Asks: 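Before anything else, here's the structure in question.
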2 protein chains.
Amino acid sequence: MSDPLNLVFPSGPRFQPLGRDGLVDRVANLLAEAIMAGRILPGARLSESTIARDMGLSRAPVREAARLLESSGLVEYRTNRGFFVQTVSSAALDNLYEFRIVIERAAIARLVASGAQDTLPLLRAQLAELYRVAQAGEDMTRQVEADMTFHRLICRGSGNPRFLTVFDQIANETKLGLILIGRLYDDPHRMAETHEPIIEAIAAGDSDAAVNAIDYHIGTARTLVCHRFRLLEDKTAP
Amino acid sequence: MSDPLNLVFPSGPRFQPLGRDGLVDRVANLLAEAIMAGRILPGARLSESTIARDMGLSRAPVREAARLLESSGLVEYRTNRGFFVQTVSSAALDNLYEFRIVIERAAIARLVASGAQDTLPLLRAQLAELYRVAQAGEDMTRQVEADMTFHRLICRGSGNPRFLTVFDQIANETKLGLILIGRLYDDPHRMAETHEPIIEAIAAGDSDAAVNAIDYHIGTARTLVCHRFRLLEDKTAP
DNA sequence: TCAATGTCGATTGTCGACAATATCCTTGAC
DNA sequence: GTCAAGGATATTGTCGACAATCGACATTGA
């Protein structure tokens, strides 16, 4: 770059780096959003041509986007059949939560061990956000999003990027399950509260307490979510 | 089906299900093999056109294969730049092993809790295979492959398919690291032996012992591998 | 009636071509 | 000599078209 005196941007660049991710990522985001908003139901086929036509582009980027979504578990690919929205079962959700407990227990232990100076304020801010969306009565998607962001921060702060990578891979599937249920807690304010003990334990630097707190937190969600989902399954196919 | 007397297939079907995986999977396997055999070095660019020309097909399946490899960590994608073979660092390997410990500890605990009736014989057979490749002095790749298969069985037997999925995602990266080092143990027979305590603990149904055994086993490999790799790094870039 | 087979429409699989972008090399000014 | 600007070249990004394959329905024959 020229412009060494910053004549164009007197106080640094004023624009967001303007997503250098190409068309494929945008398509992937659009699809993910559509799936998680329930506009495309689980099990439905993702017709490449239809999507491409709707979005006004060719099939190539749509295919690549679908492959991307496949690796985050939102979509399943069958050779010569195409892409299908991943179906969710209560059993799969249970497995997912069991796995999340394993990951996040380890992540939070490392987070506490490292001191968590950077992460703690972020967690507090995210907790405030959780209260805010609860107060404002925002829709399900926002609430789930805010919750997952909180847990993502824990994985991010673990110091081992691998935890974050894997968390991101399974995050969408979790979101999908939660949104399918339609409501997570009857009282979203109560749901926000359940994050308090986690933060307290981290702040206190008590590793065991933190692990127990996250264990209890996710474990509670696990039984609740799986129970709710089982009811949903029974209602759909008795 | 007619043929109730099984005249055509007197004792059931005689044909293997004839792999229905298309061109993309074959390309992906070829590429993975080339990378892990060291024929393409870490950091190298994967030229779509070159590969396509070499394999005698168009770029489309090559691209998709590369995307597939990306999700298993063998390849990195940079928009408008293309695909690059993932670079490995001792730090990344350390993170990888730390993560594997978390996963496999949890997996083996569940395996033991379930009784492990199906898995135990498979593990014994795989251990025999480990001794065999050690005895036969087979090449590095085979040894690493046999080792990873052993650990894969543990994840497979955990009862939660998620453990297997994630293991498979990171398995290739581990293999790559191991093969880059060029030798894992000076004495491959010794390496095979270190799997014995794991099997014993599982057979005894002792969950804690099994967790400790796998912890020790992977932990030992971790320090050894990372140490070796650091030496390699120092030699390459002092 | 029912199972096996043939046919058809729709969808994915692969391809070659062109446009957009990055990299590299040359060129020129200081 | 160094560095920036510009163009040449190679690579990726996207496209539209054709071939291969699948699932469903009609047809056939026992």
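Just so it is clear, the model here is predicted, and its values are computed rather than measured. Just so it is clear: chains get the letters A, B, ... in the order the sequence lines come, proteins before strands, and each one is counted from 1.
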Asks: Among A:I40, A:I35, A:L68, find the residue that satisfies the side chain to side chain contact (heavy atoms under 4.5 Å, CB included) test when tested with A:L74.
Replies: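 Option passing the side chain to side chain contact (heavy atoms under 4.5 Å, CB included) with A:L74: A:I35.
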Asks: In whole angstrom, give the distance that lies between atom CD of A:E48 and atom P of D:dA17.
Replies: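 Those two atoms, CD and P, are 17 Å apart.
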Asks: Checking the side chain of B:S158 only, and the main-chain atoms of B:I154 only, is there a donor and an acceptor separated by less than 3.5 Å?
Replies: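 No, because the side chain of B:S158 does not come within donor-acceptor range (under 3.5 Å) of the backbone of B:I154.
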Asks: Using residues 81-89 of chain A as the side-chain source, report each donor-acceptor pair under 3.5 Å to any protein atom, sequence neighbours left out, with the distance given to one decimal.
Replies:
from	atom 1	to	atom 2	distance (Å)
A:S89	OG	A:A92	N	3.0

Asks: Rounded to the nearest angstrom, tell me the gap between atom CG in B:N80 and atom C1' in C:dT21.
Replies: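 Going from B:N80 (CG) to C:dT21 (C1'), I get 6 Å.
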Asks: Under a 4.0 Å N-O cut-off, is there an ion pair linking B:E48 with B:R53?
Replies: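 Looking at B:R53 together with B:E48, the answer is no, because their closest N to O distance does not fall below 4.0 Å.
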Asks: I'd like to know if B:R142 and B:E145 make a salt bridge, using a cut-off of under 4.0 Å between side-chain N and carboxylate O.
Replies: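 Salt bridge absent between B:R142 and B:E145.
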Asks: Taking atom types as modelled, is there a side-chain donor on A:E233 or A:S90 under 3.5 Å from an acceptor on the other?
Replies: yes
Asks: To the nearest Å, give me how far apart CZ (B:F84) and P (C:dA22) are.
Replies: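 After rounding, the reported distance stands at 12 Å.
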Asks: Please list, pair by pair, any protein nitrogen or oxygen found under 3.5 Å from a nitrogen or oxygen in nucleotides 23-25 of chain C.
Replies:
from	atom 1	to	atom 2	distance (Å)
C:dT23	OP1	B:R81	NE	2.5
C:dT23	OP1	B:R81	NH1	3.2
C:dT23	OP1	B:R81	NH2	3.3

Asks: Can you confirm whether A:Y97 sits close enough to A:T174 that some side-chain heavy atom of one is under 4.5 Å from a side-chain heavy atom of the other?
Replies: yes
Asks: What residue pairs, at least two apart or across chains, pass ring pair (Phe, Tyr, Trp, His ring centres under 6.0 Å) with a residue in residues 49-73 of chain A?
Replies: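 The answer is none; no pair qualifies.
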Asks: Is the phosphate of D:dT12, meaning OP1 or OP2, less than 4.0 Å from a side-chain N or O of B:S49?
Replies: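 Yes, because at least one side-chain N or O of B:S49 sits under 4.0 Å from OP1 or OP2 of D:dT12.
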Asks: Looking at every heavy atom in both A:T119 and A:L153, which two are closest together, and how far apart are they?
Replies: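 Looks like CG2-O, 3.8 Å.
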Asks: Can you tell me how far P of D:dT12 sits from CG of A:L23, to the nearest Å?
Replies: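 Rounded to the whole Å, the gap is 18 Å.
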Asks: Near DNA chain C, which residues from residues 52-63 of chain A have a heavy atom under 4.0 Å away?
Replies: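 Within residues 52-63 of chain A, the residues near DNA chain C are A:R59, A:R63.
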Asks: Are the side chains of A:V62 and A:V24 in touch, meaning some heavy atoms are under 4.5 Å apart?
Replies: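 SC-SC contact between A:V62 and A:V24 ruled out.
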Asks: According to a strict under-4.0 Å criterion, is A:Y77 in side-chain N/O contact with OP1 or OP2 of C:dT11?
Replies: no
Asks: Return all side-chain donor-acceptor pairs below 3.5 angstrom for residues 120-127 of chain A, not counting sequence neighbours, or 'none' if the list is empty.
Replies:
from	atom 1	to	atom 2	distance (Å)
A:Q126	NE2	A:A146	O	3.0

Asks: How long is the line joining CZ of B:R78 and C1' of D:dG13, in whole Å?
Replies: 18 Å
Asks: Nucleotides 8-10 of chain D: which of its N/O atoms have a protein N/O under 3.5 Å away?
Replies:
none

